[in-house]
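Before any comments, here is the structure.
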Amino acid sequence: MAVYFISDLHLEPARPALAQGFAGFLNQLQDAEALYILGDFFEVWIGDDFDNPFVSQVKQALRALSDRGVKLFLMHGNRDFLLGQQFCDQTGATLLTDPTVIKLGDEPVLLMHGDSLCTQDTEYMKIRPLFRSAAWQQQILSQSIEERIAFARKVRGESQSGQQMKSAEIMDVTPAEVDAEMDKHGTALLIHGHTHRPFDHQWQHNGQARRRIVLGDWDDHSGWMIRWSNDRGFKLEQFGF
């Protein structure tokens, strides 16, 4: 049996090939014990009470996976932080806090979306607590569907415009923050997404060998995953569809 990790699919109706590729990926997980989706599963999520044929299709695909006995775990990203318990109930998923520590074999593994590690992006770090605030989220969810769609478009436009002005260093993780989080949680292995910079980093910190595996973002032709098995450990790989 194997455990899989993915993130940053940014699913949306405008990209049907991506959604089809994701469905195909799920169908191929014949040896899966669990699937962890570490944030930004959707390009935008305006609330569990919103539904359309595209959302229903994604829910059905996830439900079919969990009905096969595969444990499904979801973590919020910086775009789908309004995913809630209703969505989890409908798909058979468990919502994880960010960060979360799990154990695979004898090794504790720190799971994060990764946005909180990008501390040099000071503008985003100022608004991140607001987006994660239960009171603010409830205020947004109390608005009409139309109002939430308009708000999401506004935030998305501002985000895309702001990213064009930021350097690659600002958009990546802060190494000292990575080590601080790993110290805090007592782990030597971290898995995250968000930065869209897939790589298997290995280094030494205070005499301890450490590893940070970064998931890549999906496009219309390919995806990224980490596969863990007891005999082969962790492997980051890109695959086509």
Side-chain angles (χ1 to χ4, degrees), residues 1-13 15 18-19 21-29 32-104 109-116 128-143 145 148-149 151-152 155 191-194 215 217-218 223-226 228:
M1 300 297 286
V3 177
Y4 292 83
F5 303 84
I6 59 176
S7 72
D8 299 279
L9 280 73
H10 299 274
L11 294 175
E12 59 177 332
R15 302 174 68 187
L18 172 58
F22 173 63
F25 166 76
L26 294 184
N27 289 333
Q28 293 175 14
L29 297 183
E33 176 183 348
L35 172 65
Y36 289 82
I37 305 175
L38 302 182
D40 283 2
F41 180 50
F42 290 99
E43 173 66 8
V44 65
W45 188 256
I46 60 171
D48 290 0
D49 57 339
F50 176 75
D51 201 5
N52 61 21
F54 176 80
V55 169
S56 294
Q57 184 180 15
V58 174
K59 288 179 182 177
Q60 290 169 8
L62 292 176
R63 184 80 239 184
L65 181 74
S66 57
D67 284 348
R68 278 166 34 201
V70 179
K71 297 174 184 177
L72 178 61
F73 300 93
L74 289 172
M75 181 177 286
H76 289 139
N78 55 301
R79 294 182 178 274
D80 52 11
F81 49 81
L82 291 177
L83 277 169
Q85 190 57 49
Q86 180 180 330
F87 182 88
C88 290
D89 292 342
Q90 292 170 337
T91 58
T94 298
L95 194 60
L96 299 176
T97 58
D98 181 4
T100 284
V101 176
I102 65 171
K103 183 170 281 191
L104 290 176
V109 184
L110 178 60
L111 306 180
M112 304 179 72
H113 174 56
D115 56 328
S116 63
R128 185 180 186 275
L130 177 66
F131 289 166
R132 302 299 177 115
S133 162
W136 181 85
Q137 290 182 6
Q138 191 56 47
Q139 180 183 349
I140 294 297
L141 291 173
S142 67
Q143 298 177 358
I145 295 290
R148 281 181 263 163
I149 291 174
F151 173 76
V155 171
I191 293 175
H192 71 84
H194 178 67
L215 286 157
D217 60 314
W218 292 36
W224 287 88
M225 70 175 181
I226 296 169
W228 176 89

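Worth saying up front: this structure is predicted, and the values here are computed from it rather than measured.
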- Task: Please examine the side chains of Val109 and Trp228, heavy atoms only from C-beta on, and report whether any two atoms are closer than 4.5 Å.
- Result: no
- For Asp51, salt bridge (charged side-chain N to carboxylate O under 4.0 Å, His left out) partners two or more places apart: none
- State the CG-OG1 distance between Leu72 and Thr94, to the nearest 0.5 angstrom. 7.5 Å
- Note on the structure: Taking every heavy atom of Pro99 against every heavy atom of Met112, the minimum-distance pair comes out as CB-CG, 3.6 Å
- List in chain and number order the residues that pass side chain to side chain donor-acceptor pair (under 3.5 Å) with Asn27, two or more places apart in sequence or in another chain; answer none if no residue qualifies. none
- Item | Distance (rounded to the nearest 0.5 Å) between Ile37 CD1 and Met75 CE | 11.5 Å
- Please report the shortest heavy-atom distance between Leu141 and Gly47, naming the atom on each side. CD2-CA, 3.7 Å
- Item | Between CG on residue Leu96 and CG on residue Leu111, distance to nearest 0.5 Å | 7.0 Å
- Any side-chain heavy-atom pair of Val70 and Leu29 under 4.5 Å: no
- Task: Please tell me if the side chains of His113 and Asp8 come closer than 4.5 Å, counting only heavy atoms from C-beta onward.
- Result: yes
- Query: Looking at Ser7 and Gly193, what are the two nearest heavy atoms and their distance?
  - Reply: OG-CA, 3.5 Å
- Kindly state each residue pair satisfying salt bridge (Lys or Arg N to Asp or Glu O under 4.0 Å) with at least one member in residues 92-101, sequence neighbours excluded. Asp98-Arg128
- Taken in chain and number order and not counting sequence neighbours, the residues that satisfy side chain to side chain donor-acceptor pair (under 3.5 Å) with Ser142 are none
- Message: If we check side chain to side chain contact (heavy atoms under 4.5 Å, CB included) with Ile140, which of these qualifies: Gln143, Gln137, Gln138?
- Response: Gln143
- Message: Phe54: which residues meet the side-chain contact (heavy atoms from CB on, under 4.5 Å) condition with it, sequence neighbours left out?
- Response: Leu11, Pro13, Ala19, Phe42, Asn52, Val58
- Ignoring hydrogens and angles, state whether a donor on the side chain of Asp217 or His10 is under 3.5 Å from an acceptor on the partner side chain. no
- Would you check if Leu26 and Leu62 make a side-chain contact, meaning some heavy-atom pair closer than 4.5 Å? yes
- Without swapping roles, check the side chain of Asp40 against the backbone of Arg79 for a donor-acceptor pair under 3.5 Å. yes
- Task: List for me each residue that meets salt bridge (charged side-chain N to carboxylate O under 4.0 Å, His left out) alongside Asp89, sequence neighbours excluded, and say none if there are none.
- Result: none
- Query: What closest approach, in Å, do Trp218 and Phe22 show between heavy atoms, and which atom pair accounts for it?
  - Reply: CZ3-CA, 3.9 Å
- Message: Just to verify, what does Glu33 make a salt bridge (charged side-chain N to carboxylate O under 4.0 Å, His left out) with, not counting sequence neighbours?
- Response: none
- Note on the structure: Sequence neighbours excluded, the answer for side chain to side chain donor-acceptor pair (under 3.5 Å) partners of Thr100 is Thr97
- Item | Value rounded to 0.5 Å, distance of CZ in Phe5 from CG in Leu38 | 7.0 Å
- Heavy-atom pair of closest approach, residues Ile145 and Phe50: CG2-CD1, 3.8 Å
- Query: What heavy-atom pair brings Gly92 and Ser66 nearest, and what distance separates the two atoms?
  - Reply: CA-OG, 3.8 Å
- Task: Step by step, work out the side-chain contact (heavy atoms from CB on, under 4.5 Å) result for Arg132 and Asp115.
- Result: CA-CA 12 Å; Arg132 302 299 177 115; Asp115 56 328; 3.3 Å; yes
- Message: Could you work out, with side-chain contact (heavy atoms from CB on, under 4.5 Å) as the rule, every residue matching Ala152, not counting sequence neighbours?
- Response: Val44, Ile46
- Query: Could you state the interatomic distance from CG (Leu65) to OG1 (Thr91), rounded to the nearest 0.5 Å?
  - Reply: 9.5 Å
- Message: Students often mix this up, so state it plainly: with edges at 30° and 60°, are the rings of Tyr36 and Phe73 parallel, tilted or perpendicular?
- Response: parallel
- Relative to each other, are the rings of Phe81 and Phe131 parallel, tilted or perpendicular (30° and 60° limits)? parallel
- For Asp48, enumerate each residue passing the side-chain contact (heavy atoms from CB on, under 4.5 Å) test, keeping only those at least two apart in sequence or located in another chain. Trp45, Leu83, Gln86, Phe87
- Would you list the pairs meeting salt bridge (Lys or Arg N to Asp or Glu O under 4.0 Å) in which at least one residue belongs to residues 58-73, sequence neighbours left out? Arg63-Asp67
- Query: Excluding sequence neighbours, so at least two apart, what forms side chain to side chain donor-acceptor pair (under 3.5 Å) with His76?
  - Reply: none
